Peer 1: 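One structure, pasted below without further comment.
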Amino acid sequence: MADEALFQFLHSEIIQYINSAETGESENGRCVSKLENMGFRVGQGLIERFTKDTPRFKDELDVMKFICKDFWTSVFKKQIDNLRTNHQGIYVLQDNKFRLLTQLSAGKQYLEHAPKFLAFTCGLVRGALSNLGVKSIVTAEVSVMPACKFQVMIQKI
Amino acid sequence: MAVCIAVIAKENYPLYIRSVPTQGELKFHYTVHTSLDVVEEKISGVGKALADQRELYLGLLYPTEDYKVYGYVTNSKVKFVIVVDSSNASLRDNEIRSMFRKLHNSFTDVMCNPFYNPGDPIQSKSVFFCAHTLSIFYVTIH
Amino acid sequence: MSPAQWDLPPELCCRPMAFVALTGLDVVYNAIHRAIWDAFCANRRADRVPISFKVLAGDHEYPKCRTKRTSYEWYIPKGILKTGWMNKHLNLVPALVVLFYELDWDDPQWKEKQSECATKVEIVRDKFFSHRTSLQGRNTKVAVVLIQKKTPLPPGEDLVASERASALCGACDLSGKSLFVLPHTDHLVGYIIRLENAFYEHAQTYYYNEIRRVKSHKEFLNKTTHQLLFVRHQFKMGFFSELKQDTQNALKYYRTAYVLINELRAHETNMLEIKTMAGFVNYKICRLCFQHNTPLDAIAQFRKHIDLCKKKIGSAELAFEHTAWMSKQFQSFGDLFDEAIKLGLTAIQTQNPGFYYQQGAYYAQERKQQAGQLCGHEPGVGYPAPDPLETASGALDFYGQRPWRQGHQSIDPPDSEKEKQGILALQVKERDVLHSELIIALLSNAVAQFKKYKCPRMKSHLMVQMGEEYYHAKDYTKALKLLDYVMCDYRTERWWSLLTSILCTALKCSYLMGQVKDYITYSMELVGRASILPEEQKSRIEKNLIKVLMNEVPEPEPDCDPVSVKAAQSLWSDRISLAGNNEITIEVQDYAPFVQCKAKFLSPSFHIDEPVQLHVYVRADCPHPVRFSKLCVSLSNQEYNQYCLLEDASKGKDILESSSQENMCLVPGKTRKYCFKFVAKTEDVGKKVEIMSVGLMLGRETGRYVYLTWRGGWGDAASSHETLQASRCFKKRTRFPEQQVDWDTVSIQSSTMIISRVPKISVQLTHEPPTLTNEMYCMTVTIQSEEGTVAKDLKLTAGLKPGQDANLTQSTQITLNGSEVCDDSHPALLPDIPLGDLQPGQKIVKPLYIRCVSTGSRILLFHVAYSVSATVEGKDITCKCHKDETVTVETVVPFEVAMKFVSSKFEHLERVYVDIPFLLMMDILSASPWPIELVNSEVQLASSMTAIDQPMSQVEGVTLQTSECASECFLLKCPPVQNGTSTVASGHYIISWKRKSASAETSMVRTIITLPHVMVENIPLYIHAELPSFGCVRESLPVRYRLENRTGLVQDVEISVEPSDAFMFSGLKQVRMRILPGGEQEMLYNFYPLMAGYQVLPQLNINLMRFPNISSQLLRRFLPSRIFVKPQGRNGDTSIEAA
Amino acid sequence: MSRQSNRATDSKKMNSELFTLTYGALVTQLCKDYENDEEVNKQLDKMGYNIGVRLIEDFLARSSVGRCHDFRETADVIAKVAFKMYLGITPSVTNWSPAGDEFSLILESNPLVDFVELPDNHNNLVYSSLLCGVLRGALEMVQMAVDVRFAQDTLRGDNVTEIRMKFIKRIEENMPAGDE
């Protein structure tokens, strides 16, 4: 869809910027966390909108389902393909065709760039969850482009 | 009619409280604060039928002699409280609901303001917010 | 009237029970009567009928019954309900009078007794009839109980009894139902219960009739003049129904009564009466609803009641009466509700008695306020005399009427002057009421309730109000106690507006009590960021705070009670005057004071030879700049504290007066940074240094001073949340001038590690891995100093790195001395080899020898420690440095040795034969990557073996390159062994070798190899041949066979020679011979080769008669099987000779 | 209870929210990183430019608009096609300079600034600078050097948002499209 392209460009431009800004000690970790934080704030905002008309959530799982279905659909126009959990606070969300990786041409040489392209989304998820009262750590990994897994580790308080 | 409107953070501290200037606002702060007892009771799923009725609108929290206190909770556990003068019995439930609706909408907009830091008190200069809350006061005054 | 005037009368609140009077009982002197009475009173549990009994004298005067009026034509009621009425029917007018009389059926003076009884009945009856003439009066019945000694016969059998019974009834004009017999036997209680049940029925009929009687009045009444009566009658019917225990109808009557009350024309003069009665009826209704377990009805009724009466204020001058009444309404409903809960009703968070007590309290507060306004007469005005509240009877006739105009029902008061006096009287009385007590009592009731129903916040709120009420009541101690208790709830929930208001009250209390510490604590918070007070307030408080710090009397807090202020001021001046104990310590983590602090080490670790740096950031957010006199950091090692201390040199008195250290003045909103550095103690190397706390001293020792301490160096009640917000916050990064920083960006680092100085030496290892098992492996350690100064007492620790497989420790040995060969006595690790001092640039080379007995890899450690003196911050310290080098070495075997036994013909042997020579062969295969020199080799034979000729090493001095092989052999034989065969040890093979190394001269290693065991066997016959080394075609070839008999027996041997194509031969073709023990036989043959080349000799078949199991081809093994035959040539011989 | 969303269908709107918020996050991040607003504006414009130069292909590919003959046509394409396509709004083209080399795009609404409220300490921030960059970059790819700036901005209390575009010159094919 139209303005998705615009978003894609913006997204990669942001990554571009953050990387260039974080030169010097070439803190890869630093810029990943910067992107993550931006995503966090956006996630907070989005979820506030998306849940405006939904009834209160039953439990943690209910929340996760919402993230996988509505949230993902609203943001990436598709649902998460597979949600797994160990029922001890770890959830794995698999997206077989993750939007923000699609335009990043498949192939090994890009694999090490992948983290940068996922950081923002990790933040997005973490922000959404945290705003719904679920504190978590979100990490992502790519095995084969453009499929990727997001692991959500719930912080019990 | 609505004599006090409050937005309460997840952690139960006030993000925004506004009451009609005439009466002592401290009193309303107390009213809102105490009403949180009921809100918490209602949203902490312990109560029996709470599992199935998971509406954001919590309805009448408790009546005092002179005021009715209504509650509403967003999915982000932010609470809205509206205090209404009990003298006007004319006020109907759906009117209250629409007030909360307005409030929720404007709150969502505030949350989407990139320059707003979630958890900070909402500046009363925040245009959306005031526009709406004021309109609530208006609705209520006539 | 007492302040309890609003309490509901007990006769209203009690549960009405049928009233039965007992006469003719002498409970004092007559034991039997006593017993009977006790039986009536004793344990009246729920299963007993609800009757209240009274023992009365036979001639007791009952209330007279007024003549019943025939019409209400001209009757104007004076009020709604007489004050005496309820009590009368509860306690004075019995539903039944029971006459007890001792009389057995067969009593001798029956006649007399009968008539006596009749007269007694008569007397009782008389008491109910005002006028002998009229027949009307109470409907109270009389019953007679005959106390009898004998147990009665079953009914009908005792004719006398029945006959006399009816006689007695006649005499006393009683219905049969009213005559009872109480045999005074052991089953007393049983009889009593029967009796009282009978009484109960009588009572019920009585009250039933009463209700009908009251109802019957109705048709005489008219709406215009008798509304009061309508109410009265409904009430009475309700009350009688209750006495009759018919609560359902009671409720009905009361409800109608309530409706009627509200229909009454209300005006100022009768307002109170109406409200009072409404209150009564409402009380009854709610009570019954709860009793019927319909709480919602009760609540609904109460709400209706309140809504109806809220506005019925009555005369403005007595407004407080209304609020008092309202308050009472709520309270008593609360009580009812609570009672119902005690009886099993379940309440919920949003509907519990607490709300009613709370509301009651609010009205009480309003009452107090109104009283304040309405009763503020100037002192001159006293209580009016004569007392307008006095009544002739001392009590009112009707509930809720004014004493000075009882029974007056018209709209305007009859006598305005009296009216004034009355009102004045009431106001004066009100003035003396202790309102606060009432309010607090109600509030604390509410608190108890809300605690029960999970409303912590509501609870706190009410406690705040209690506190404030105590404050108004000038009980500052209690007030402060309460306020201080709840404060933290509001602080932790970050409701600053509420906290501020509580603090303000608390501050007033502490001021009025001259509580210095509290006063200071509250002020600090009130001028700080957690307070929402307007600037000028903050500034006022700060000024006071400073006064206190300078040990002066602070200005009084605004709008405090002037009297208390007076007292306070003197209190304070006392405080000021008495010296000593002017120090106050405040741990800030429970407050949000106006000074904030963050302390951090600049780095998570410091080397011992660099100064430890520590920054303390302080910031004040009060209106005026404030100076502090001391800033100190206390660290986990106290010794450093002295270096982290900032004190105001100038002991100036005035805190505001500028002093030399300008930077000790905190300017509002500005963050100040204080840098400290110190040199860590060398013994702290490897330890953690923590900031235990930071202390900031406001004020002066000279005056009074406050010592704020931040545990861990930062953080108060508010900061954790602030930090979190700040971390997320988008914030414009703005340059700050020097000495200034953005508070939020200051991170916390409250502990640091002291780590040893970076060593400035190089440690190098030279060696030739891998090591060979058992060799003395040489490793050379080269240590070079890159220090600027001399490195003192170097110590080298070398060897097997601890913490590896235990076996390695057994199989590793290290020494400094290469010449000796290590054994188990040597350690695996040589600790602290002293190497002396090392001048700058100087180098030490130290060879070490390691012996690895087993193969595999080992981690070797070379740890060089030394001390060097350094100067830090102009302070000389000796710091220990150390450098570790580790290396992993493989150990491999130097060579493999293979050994085998072979026959003289180099044929492999499984076994050897006694006295028959054989060869021991050795192959030494080098496995070492480095060349090894075989210095020497020798065999040490076991007793069971002997060397044939002097064995000497053939590999001595041989050098083997990788995978080269050296071989040698030794000729041996075995002496005889008893019994045919046995396995014997052969001895050892010893190789002395060393690694051939260009570098270090290595010492020799002896490797001992145990020779394998071998099987030795005796043989009965030994045969060997003597023949030339070769033959020639067509030339004779003499061959001599020798046969030796190795047994102690004579042996017959059969020999035959097989024909062969390659040879012709002469000699015995087949022979049978005898060989004597130990003897020997010779056989000579001439072989004649026919063809050249290697030829198989003609085969000899030997056959031992005695030892058939010894095959001939076994024996043949001792003989050559082939021989080389040269071709025939003229001068071939010579040529061969030459060759 | 199933939360099967009907939102899946009109996800465009959602995306634009995602876009708006992400852009917001970027701006605030820049505000953190840079000291003054001018630098932030510059950075935004620069990033816009980078987007523009790549966006143009996407645009030409999907909107089958051919070469524009004159600046006026360009203006129309930008307003009616490009803005519609990417931001879902259609600004009006007005205030042509007599020379016809300069015009204004009037945006009644600007998706970028939904929900945005500028804090007091950012009076010089041109929040939507990105747009200028995008336009500049995109046009440069079609050999048009233009100057783009915000003339009015509702965020700053103006009652419309006005982007002013000035045609500078045609860039010869061989010329390297160099700016940054």
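A quick note: this is a predicted structure, and the numbers were derived from the prediction, not measured. A note on names: the letters A, B, ... follow the listed sequences, proteins ahead of strands, and every chain is numbered from 1.
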Peer 1: If every non-hydrogen atom of D/A25 is compared with every non-hydrogen atom of B/P114, which pair is closest and at what distance?
Peer 2: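 Looks like N-CB, 4.4 Å.
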Peer 1: How far apart are the closest heavy atoms of D/V116 and B/N113, and which atoms are they?
Peer 2: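 Between these two residues, the closest heavy atoms are CA-OD1, 3.8 Å.
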Peer 1: Looking at B/F115 and D/H122, what are the two nearest heavy atoms and their distance?
Peer 2: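 Here B/F115 and D/H122 meet closest at CE2-CD2, 4.4 Å.
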Peer 1: Quick check for you: to the nearest 0.5 Å, what is the distance between B/C112 atom SG and D/D114 atom CG?
Peer 2: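 So the SG of B/C112 and the CG of D/D114 are separated by 9.5 Å.
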Peer 1: Would you say that more than 12 heavy atoms from the other residues, nucleotides or ligands in this model lie under 6.0 Å from the NZ of D/K166, or not?
Peer 2: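 Yes.
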